[in-house]
Amino acid sequence: MAVLCRHRISIVVRIFGVIHDPQNRLTAAFGQAMAAAFGPDYAQADPLIKLSANPKFGDYQANAAMGLAKKLGENPRQVAQKILDHLDVDELAEKVDIAGPGFINVHLKTTYLAQQVQALASDERLGVAIEADKAKTVVVDYSGPNVAKEMHVGHLRSTIIGDTLSRVLAFAGHRVIRQNHLGDWGTQFGMLIENLLDAGVDASAQISDLEDFYRNAKQRFDAEEGFADRARKRVVALQGGDEPTLEQWRLLIAESKRHFNQAYETLGVILTDDDVRAESFYNEFLPSVVEDLKQAGLLVESQGAQVVFPDGFKNHEDEPQAMIVQKSDGGYLYATTDLAAARYRIEQLKADRVVYVTDARQAQHFGMVFQTLRDAGWAPPTVELDYVPFGMVLGPNRKPFKTRTGGTVKLIDLIHEAQERAGAVIREKNPDLSDDEQKNIASVVGIGALKYADLSSDRIKDYVFDWDRMLALEGNTAPYLQNAYVRIQSIFRKGEVDVASLDGVDVQVVEPAEKTLALKLLQFAGVVDAVALSLHPHRLCTYLYELASAYHGFYEKCPVLTAADEATRQSRLALSHVTARTLQQGLNLLGIDVVSRM
RNA sequence: GCGCCCGUAGCUCAGUUGGAUAGAGCAGCGGACUUCUAAUCCGCAGGUCGCAGGUUCGAGCCCUGCCGGGCGUACCA
């Protein structure tokens, strides 16, 4: 009985939640029509509802008839007609017709759009359903900087793509567990700790510039007599649990975390010490990873190392590619750690889905890790493993992004430059703002631009870093979206509108610009779900850009405060308010703030 | 050599499980401000979707082979 009740509630939530998107309504209606026309086997067939490319073809189109005709051995236009004969969309469509080879074009009623936008306006979640029965526990592995190394532009990608995906998954109703897989272990810590010990007591001062500190240690390791030997001994001491060595190691970690946390806070990235599960955390599990692989019959000794040969991977000799889990000297590698971490996430954290946000160069590594997890039965088929690769950041000449002198671009410098450049634009455009306001806006706009530039193109591609383009007020940029929000706030300020008074206001969709905006608003939930599924943040960006663009069009064509009559004025205020909320929520999912003037 | 990724307008990018005439922005040209912020909007122009085959009623998208670029390919991560 209890189970029945819970099931019922989740169904109700789902139907109530997704009802705002015409695409879902049409998919359901067409599915029923197809089942009625061709039998129950076709109830699950996808009617292929899409936005129409051209307004003359209506608002949405169903493209299933052509494919269906082939299967049924009938004329596609006749198939379309049969679907129409059983189709009931009177509530939302004013006209449905067949065109071309068998497209079914749907012209929506503006009254339906108005009613749905009104429903959206009273929905805190803007139509995004929480589907309790589909909610998963999702572990998202992102950021993962290295201790005692400065964060650079490469970490920015993992950090903000992972942060966005975490936010989207959480908003879509999943239980998200963030995991910051800090690089705090490995042979390089020998030289780092040795360098730190030589420097004396004031660790904080010594590693305030982590990049210098690391480079200095590396130089001494390569050049200085005896230093490399001491470093190697220090590694052994660290691995052996020597307390004075561990003390220095912890110092390095603590100091590094301070840097990371500062960057996260400035960037508005939701990562705290609670999310840190560093490499060293898995040390105690590594021997059992190897042992259990052996028990599973997957372990092979090769050239003195313990390896596995996951199916489907070849090396440069075109032979099976080995993945080393234990070196010939007994040490472990990142493959071992990644296997241990995955087991921990699945067994201890109860993950249904594990998402790895890592650069594209590690595709083969994760391919082999995933295959091994499957082969060993550690990741059952019910657990989804997602590798979320991303490309490199390139400079203007399409070479990896570097400083003018060829050095690594520090993340913190990048952030400061974004704030400064945004500040310069704001001072020019809006000189009346107070210093405090300017500074705050510059930070929100600058960091927003920096993040949005990274998120707005398909992550798999390398992207070209360009300050002028990301800070431009035209085109697919964060400032453009933020400005649409500002314009709406400006209307409310000027009209002294209390948005609370807009509750329950009748929405009217009359002008073409109003219809374009209304249609766009209703698509938000579908986009959020699509991103939660595909893990492609740029789709959300594209949507928000289209929404902002639709609002700017509306703004030009449809006076709000000076509308012809009070009902129109109220309706347009309501439309503006839902737009503002959608922009704000959408940007929030991207980890980007809004301001009320800029 | 083998594997993965990328190739769309001069530049930077979109293009939803194959759908109608491939879309934006920038740059170029031409318009709209005693304004709800012109930080915006409207119009014009700009394309052999790397090349060649194939599958299909229909291909930027799927398959095969090439070309070009990037990355990976055993004891780093």
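The analysis underlying the following values was restricted to heavy atoms, covering all of them including side chains, and did not include hydrogens, waters or symmetry mates. Proteins come first, then strands; the chains are lettered A, B, ... in the order of their sequence lines, and each starts at number 1.
- If you take CG of A/Leu471 and P of B/A39, they are 16 Å apart, rounded to a whole angstrom.
- Partners of A/Phe401 according to the ring pair (Phe, Tyr, Trp, His ring centres under 6.0 Å) rule, which considers only residues two or more places apart in sequence or in another chain, are A/Phe465.
- Scanning RNA chain B for stems, defined as runs of 3 or more consecutive Watson-Crick or G-U wobble pairs whose donor-acceptor distances all fall under 3.5 Å, gives the following ranges: B:1-7 with B:67-73, B:10-13 with B:23-26, B:28-32 with B:40-44, B:50-54 with B:62-66.
- Comparing A/Gln364 and A/Thr562 by the nucleotide of RNA chain B whose heavy atom lies nearest to each, the residue mapping closer to the 5' end is A/Thr562.
- Stacking between A/Tyr555 and the base of B/C36 is present: ring centres sit under 5.5 Å apart and the planes differ by under 30 degrees.
- For residues 59-68 of chain A, the salt bridge (Lys or Arg N to Asp or Glu O under 4.0 Å) pairs, not counting sequence neighbours, are A/Asp59-A/Lys515.
- A/Glu546 pairs by the salt bridge (charged side-chain N to carboxylate O under 4.0 Å, His left out) definition with A/Lys520, not counting sequence neighbours.
- Remark: A/Leu583 CG to A/Gln489 CD distance equals 10.0 Å, nearest 0.5 Å.
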Interface polar pairs with nucleotides 4-15 of chain B, N/O, under 3.5 angstrom:
from  : atom 1 : to       : atom 2 : distance (Å)
B/G7  : OP1    : A/Lys461 : NZ     : 3.1
B/U12 : OP1    : A/Arg398 : NE     : 3.4
B/U12 : O2'    : A/Arg469 : NE     : 3.0
B/U12 : O2'    : A/Arg469 : NH2    : 2.8
B/C13 : OP1    : A/Val464 : N      : 3.3
B/C13 : OP2    : A/Arg398 : NH2    : 3.4
B/A14 : OP1    : A/Asp458 : N      : 2.3
B/A14 : OP2    : A/Lys461 : NZ     : 2.7
B/G15 : OP1    : A/His538 : NE2    : 3.0

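- Base contact: A/Ala99 has a heavy atom under 4.0 Å from a base atom.
- Applying the salt bridge (charged side-chain N to carboxylate O under 4.0 Å, His left out) rule to A/Asp359 yields the partners A/Arg361; only residues at least two apart in sequence or on another chain are considered.
- Legend: residues meeting salt bridge (charged side-chain N to carboxylate O under 4.0 Å, His left out) with A/Arg157, ordered by chain and number and at least two apart, are A/Asp454.
- Atom CD of A/Glu496 is surrounded by 12 or fewer heavy atoms from other residues, nucleotides or ligands within 6.0 Å.
- Partners of A/Tyr485 under the ring pair (Phe, Tyr, Trp, His ring centres under 6.0 Å) rule, at least two apart in sequence or in another chain, do not exist in this structure.
- For the pair A/Arg487 and A/Tyr555, the cation sits on the ring face: its NZ or CZ lies under 6.0 Å from the ring centre, inside 45° of the axis.
- Not counting sequence neighbours, A/His107 has no partner by the ring pair (Phe, Tyr, Trp, His ring centres under 6.0 Å) test.
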What donor-acceptor contacts under 3.5 angstrom involve side-chain atoms of residues 425-432 of chain A, with partners at least two apart or in another chain?
from     : atom 1 : to       : atom 2 : distance (Å)
A/Asn430 : ND2    : A/Met598 : O      : 2.9

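- Ring pair A/Tyr543/A/Phe524 is tilted by interplanar angle, where 30° to 60° counts as tilted.
- Rounded to the nearest 0.5 Å, atoms CE (A/Met34) and CD (A/Gln44) are 10.0 Å apart.
- Centre separation under 5.5 Å together with a plane angle under 30° holds for the ring of A/Phe103 and the six-membered base ring of B/A20, marking them as stacked.
- Stacking between A/Phe57 and the base of B/A20 is present: ring centres sit under 5.5 Å apart and the planes differ by under 30 degrees.
- The phosphate of B/U73 has neither OP1 nor OP2 within less than 4.0 Å of any side-chain N or O from A/His365.
- Heavy atoms of A/Ala322 sit under 4.0 angstrom from at least one base atom.
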Detail all sub-3.5 Å separations between protein N/O atoms and N/O atoms belonging to nucleotides 54-59 of chain B.
from  : atom 1 : to      : atom 2 : distance (Å)
B/C57 : OP1    : A/Lys70 : NZ     : 2.9

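- Applying a 4.0 Å cut-off to non-hydrogen atoms, the residues of residues 302-310 of chain A that approach RNA chain B are A/Ser302, A/Gln303, A/Ala305, A/Val307, listed by residue number.
- An OP1 or OP2 oxygen of B/C41 is reached within less than 4.0 angstrom by a side-chain nitrogen or oxygen of A/Tyr480.
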